[in-house]
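Because the structure is predicted, anything quoted here is derived from the model rather than measured. All values below were derived from every heavy atom in this structure, side-chain atoms included, with hydrogens, water molecules and symmetry-related copies excluded.
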Amino acid sequence: MTTHEETVAMTEEPTVLASQCGAGSCPTVYSTDRETVIVQGYSTTGEAAGVEVPDGERLVEIPVDVLLAAADKIRSQG
């Protein structure tokens with residue numbers, strides 16, 4: 001089975017939309033050249049979150065303020 005990572009390749013580096021520390025080495029939301037976002041956060045399990053996670057997907061937690069800041073930046077760019 002082909003993974004998402006194998007079928008989709010970015011042509012440009014992701015752009016930081018919002019970060020808790022400003023350096024991209026902590027919870028961060030990035031934009032891609034594919035009109036998607038990449039979320040870097042704290043790994044969690046489906047069991048801990050109380051949801052079922054299908055094969056090939058993962059859950060991450062990020063602070064709400066990072067997500068809201070990213071949403072504001074996406075809105076301002078659109």
Side-chain angles (χ1 to χ4, degrees):
M1 174 179 257
T2 303
T3 66
H4 180 73
E5 293 85 3
E6 292 170 333
T7 59
V8 178
M10 288 186 293
T11 58
E12 296 178 20
E13 289 289 318
T15 302
V16 174
L17 293 173
S19 179
Q20 194 169 42
C21 64
S25 60
C26 56
T28 303
V29 177
Y30 303 89
S31 65
T32 72
D33 60 356
R34 297 183 311 272
E35 296 186 12
T36 61
V37 295
I38 297 171
V39 177
Q40 176 182 337
Y42 306 108
S43 182
T44 188
T45 65
E47 183 179 334
V51 298
E52 187 173 322
V53 181
D55 288 342
E57 293 184 6
R58 293 194 173 90
L59 297 177
V60 296
E61 284 189 81
I62 62 170
V64 171
D65 61 331
V66 173
L67 188 58
L68 293 174
D72 289 342
K73 189 154 188 179
I74 290 168
R75 279 189 205 100
S76 72
Q77 293 173 349

May I have the list of side-chain donor-acceptor pairs in residues 43-50 shorter than 3.5 Å, sequence neighbours left out?
{"residue": "Thr45", "atom": "OG1", "partner": "Ala48", "partner atom": "N", "Å": "2.9"}

> Transitively linked via ILVMFWY side-chain contacts under 4.5 Å: Leu17 with Tyr42?
Replying inline: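 Not linked; separate clusters.
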> Is there a path of hydrophobic side-chain contacts, each under 4.5 Å between heavy atoms of I, L, V, M, F, W or Y residues, that connects Val39 with Tyr30?
Replying inline: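 Unlinked, Val39 and Tyr30 end up in two clusters.
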>> How long is the straight-line distance from CD of Gln20 back to CD1 of Ile62, given to the nearest 0.5 Å?
In response: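 Reported value, rounded in 0.5 Å steps: 9.5 Å.
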> If you round to the nearest 0.5 Å, how far is OG of Ser31 from CD of Glu12?
Replying inline: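 Rounded to the nearest 0.5 Å, the CD-OG separation comes to 9.0 Å.
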> Taking only residues two or more places apart in sequence, or in another chain, which ones meet Val53 in a side chain to side chain contact (heavy atoms under 4.5 Å, CB included)?
Replying inline: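 Per chain and number, Val53 pairs via side chain to side chain contact (heavy atoms under 4.5 Å, CB included) with Val51, Glu57, Leu59.
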> Does a side-chain heavy-atom distance below 4.5 Å link Val37 with Thr32?
Replying inline: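 Side-chain contact under 4.5 Å: no.
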>> So if I apply the side-chain contact (heavy atoms from CB on, under 4.5 Å) rule between Ser19 and each of Val66, Thr28, Val29, which one comes out positive?
In response: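 The option that passes is Thr28.
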N/O donor to acceptor pairs below 3.5 angstrom from side-chain atoms of residues 69-78, sequence neighbours left out:
{"residue": "Asp72", "atom": "OD1", "partner": "Arg75", "partner atom": "NH1", "Å": "3.1"}
{"residue": "Ser76", "atom": "OG", "partner": "Lys73", "partner atom": "O", "Å": "2.9"}

